[in-house]
Amino acid sequence: MLTFKQLHTEEEFNIYSQSYQECLGEGPISKTKGMPFDYFQRSYVIGVFDNEKMVAGYTLGFDVPLRLPTFVPREENILSPHEIFKWEECCEIVCMWKKKEQVSKFFVFRYFWPHILSKTLESNKLFILGHDQNARLDKHYGIFGPVSLYSGPSTIGLPSHLFFYTRGKVRLLKYFSLLRSFFHKDFKSR
């Protein structure tokens with residue numbers, strides 16, 4: 001049984017960071033840097049464990065400076081069509097990773113995403129900030145129409161999309177993820 005645990009120690013953060021980098025692989029996305037220790041300390045960091053082994057994780061950042069805007073080149077403008085948008089009102093989801101051989105898609109839809117989205121809603125922030133550098137992920141995240149803040153090359157040269165969801169859309173995403181798990185092929189074996 002996989003379990004969620006909030007991480008607190010430098011050793012846990014190091015394991016998390018190394019695992020995240022390993023999951024990025026060798027391609028261009030591997031230029032994405034892990035998080036510095038001080039970011040971990042001021043964030044909500046969750047590891048998913050199979051017994052004692054960390055097999056997945058995610059981090060929520062609540063305080064400025066946020067990590068995700070740093071993927072936008074400095075010369076580009078980040079504009080929001082939402083009149084009350086403020087960085088201070090954002091919860092960002094960063095550095096999500098999973099070991100494919102140990103974490104099923106069923107677990108991701110049924111438990112991982114709902115856990116992430118529940119914790120973002122508990123933050124009471126008005127906006128949930130996301131970012132991707134992958135067309136497949138961008139299509140997946142775009143299902144419920146996020147508000148785009150920036151689309152173009154990232155600071156490491158990959159296609160980049162910085163966006164946010166309102167709290168209402170995050171609730172929809174949470175229930176969509178749960179519903180999707182019921183249609184996943186692994187559901188019958190659970």
Side-chain angles (χ1 to χ4, degrees), residues 2-21 23-24 29 32-49 54-72 78 80 82 84-99 103 107-134 137-138 140-144 146-150 154 160-178:
L2 299 178
T3 57
F4 293 88
K5 177 187 170 193
Q6 186 174 0
L7 308 182
H8 297 284
T9 69
E10 187 171 359
E11 180 183 0
E12 291 171 328
F13 295 154
N14 285 336
I15 293 168
Y16 180 103
S17 191
Q18 289 169 0
S19 299
Y20 170 72
Q21 289 298 137
C23 286
L24 290 178
I29 194 78
T32 301
K33 292 182 174 45
M35 294 174 292
F37 184 69
D38 69 315
Y39 185 88
F40 276 127
Q41 287 182 308
R42 61 187 176 89
S43 300
Y44 180 78
V45 185
I46 290 292
V48 177
F49 289 82
M54 195 181 314
V55 295
Y58 71 88
T59 301
L60 300 180
F62 304 111
D63 301 316
V64 291
L66 298 169
R67 172 185 165 82
L68 295 181
T70 66
F71 287 97
V72 177
I78 299 175
S80 171
H82 204 287
I84 63 167
F85 179 83
K86 292 180 184 163
W87 295 114
E88 295 80 11
E89 286 298 331
C90 289
C91 168
E92 64 179 355
I93 304 170
V94 298
C95 295
M96 291 177 12
W97 62 275
K98 71 178 184 83
K99 295 189 177 186
V103 180
F107 180 84
V108 170
F109 295 130
R110 183 76 170 115
Y111 301 105
F112 194 63
W113 269 113
H115 195 273
I116 293 169
L117 298 173
S118 291
K119 294 301 178 183
T120 63
L121 292 169
E122 287 174 18
S123 76
N124 291 320
K125 297 287 187 170
L126 296 177
F127 307 103
I128 312 307
L129 195 62
H131 176 261
D132 65 68
Q133 297 182 99
N134 177 300
L137 284 177
D138 197 44
H140 178 74
Y141 295 152
I143 292 171
F144 285 95
V147 177
S148 186
L149 294 168
Y150 171 77
S154 71
S160 176
H161 186 206
L162 179 65
F163 54 88
F164 71 82
Y165 288 104
T166 59
R167 293 175 61 78
K169 287 194 178 180
V170 169
R171 285 186 190 93
L172 285 175
L173 284 167
K174 179 181 172 186
Y175 295 114
F176 175 75
S177 184
L178 287 168

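What you see below is based on every heavy atom in this structure, not just the backbone, and it leaves out hydrogens, waters and symmetry mates.
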Donor-acceptor contact below 3.5 Å, side chain Glu92 vs main chain Arg67: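 Yes: the side chain of Glu92 pairs with the backbone of Arg67.
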Closest approach of Met54 to Glu12 (non-hydrogen atoms, all atoms of both residues):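 In this case the closest contact between Met54 and Glu12 is CE-O, 3.8 Å.
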Any donor-acceptor N/O pair, Gln21 side chain to Ser17 backbone, under 3.5 Å: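 No, because the side chain of Gln21 does not come within donor-acceptor range (under 3.5 Å) of the backbone of Ser17.
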Exam field: side chain Thr120 to backbone Leu117, donor-acceptor pair closer than 3.5 Å: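 Checking the backbone N and O of Leu117 against the side chain of Thr120, a donor-acceptor pair under 3.5 Å is found.
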Rounded distance (nearest 0.5 Å) linking atom SG of Cys90 with atom CG of Leu126: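 Those atoms lie 8.5 Å apart.
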Centroid separation Tyr16 to Phe40 less than 6.0 Å: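 Judged by ring-centre distance (under 6.0 Å), Tyr16 and Phe40 do meet the cut-off.
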Ile93 side chain reached by His131 side chain, heavy atoms, under 4.5 Å: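 A side-chain contact is absent here, since even the closest heavy-atom pair is not under 4.5 Å.
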Tyr111 ring center near Trp113 ring center (under 6.0 Å):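 Not under 6.0 Å, so no.
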Non-hydrogen side-chain atoms of Phe112 and Val103 separated by less than 4.5 Å: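 No, their side chains stay 4.5 Å or more apart.
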Minimum-distance pair of heavy atoms, taken over all atoms of Pro65 and Arg42: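 The answer is O-NH2, 3.0 Å.
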Any donor-acceptor N/O pair, Arg167 side chain to Leu121 backbone, under 3.5 Å: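 A pair under 3.5 Å: yes.
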Partner of Cys91 by side chain to side chain contact (heavy atoms under 4.5 Å, CB included), out of Phe62, Phe164, Tyr44: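 Among Phe62, Phe164, Tyr44, the one that satisfies the side chain to side chain contact (heavy atoms under 4.5 Å, CB included) with Cys91 is Phe62.
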Lys98 side chain to Val48 backbone, donor-acceptor under 3.5 Å: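 Checked: no pair found.
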Enclosure of Gln6 CD (heavy-atom neighbours >12, cutoff 6.0 Å):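 Yes, enclosed.
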Verdict with supporting geometry, Val94 and Tyr39, side-chain contact (heavy atoms from CB on, under 4.5 Å): CA-CA 11 Å; Val94 298; Tyr39 185 88; 3.7 Å; yes
Exercise: identify the closest heavy-atom pair between Leu60 and Lys119: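 Nearest pair, atom of Leu60 first, then Lys119: CD1-CB, 3.6 Å.
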Verdict with reasoning, Ile84 to Phe127, per side-chain contact (heavy atoms from CB on, under 4.5 Å): CA-CA 10 Å; Ile84 63 167; Phe127 307 103; 3.9 Å; yes
Option from Val64, Leu68, Thr70 for which side chain to side chain contact (heavy atoms under 4.5 Å, CB included) with Leu66 holds: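 Only match with Leu66 under side chain to side chain contact (heavy atoms under 4.5 Å, CB included): Val64.
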Atom pair CG/OG1 of Leu7 and Thr59 - distance to nearest 0.5 Å: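 Nearest 0.5 Å value for the CG-OG1 distance: 8.0 Å.
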Criterion salt bridge (charged side-chain N to carboxylate O under 4.0 Å, His left out) on Glu89 and Lys86, from CA distance to verdict: CA-CA 5 Å; Glu89 286 298 331; Lys86 292 180 184 163; over 6 Å; no
Non-hydrogen atoms of Pro146 and Phe163 that approach each other most closely: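 Heavy-atom minimum between the residues: CB-CD1, 3.6 Å.
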Least distance between heavy atoms, Pro69 atom then Leu129 atom: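 Closest pair (atom of Pro69, atom of Leu129, distance): CD-CD2, 4.2 Å.
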Any side-chain heavy-atom pair of Phe107 and Leu2 under 4.5 Å: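 They are in side-chain contact.
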Tyr58 versus His115, side-chain donor and acceptor atoms under 3.5 Å: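 Side chains of His115 and Tyr58: pair found under 3.5 Å.
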Main-chain N/O of Lys125 paired to Ser123 side chain as donor or acceptor, under 3.5 Å: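 Present.
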Distance-minimising heavy-atom pair for Pro114 and Arg110: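 Heavy atoms only, the tightest pair is CG-O, 3.4 Å.
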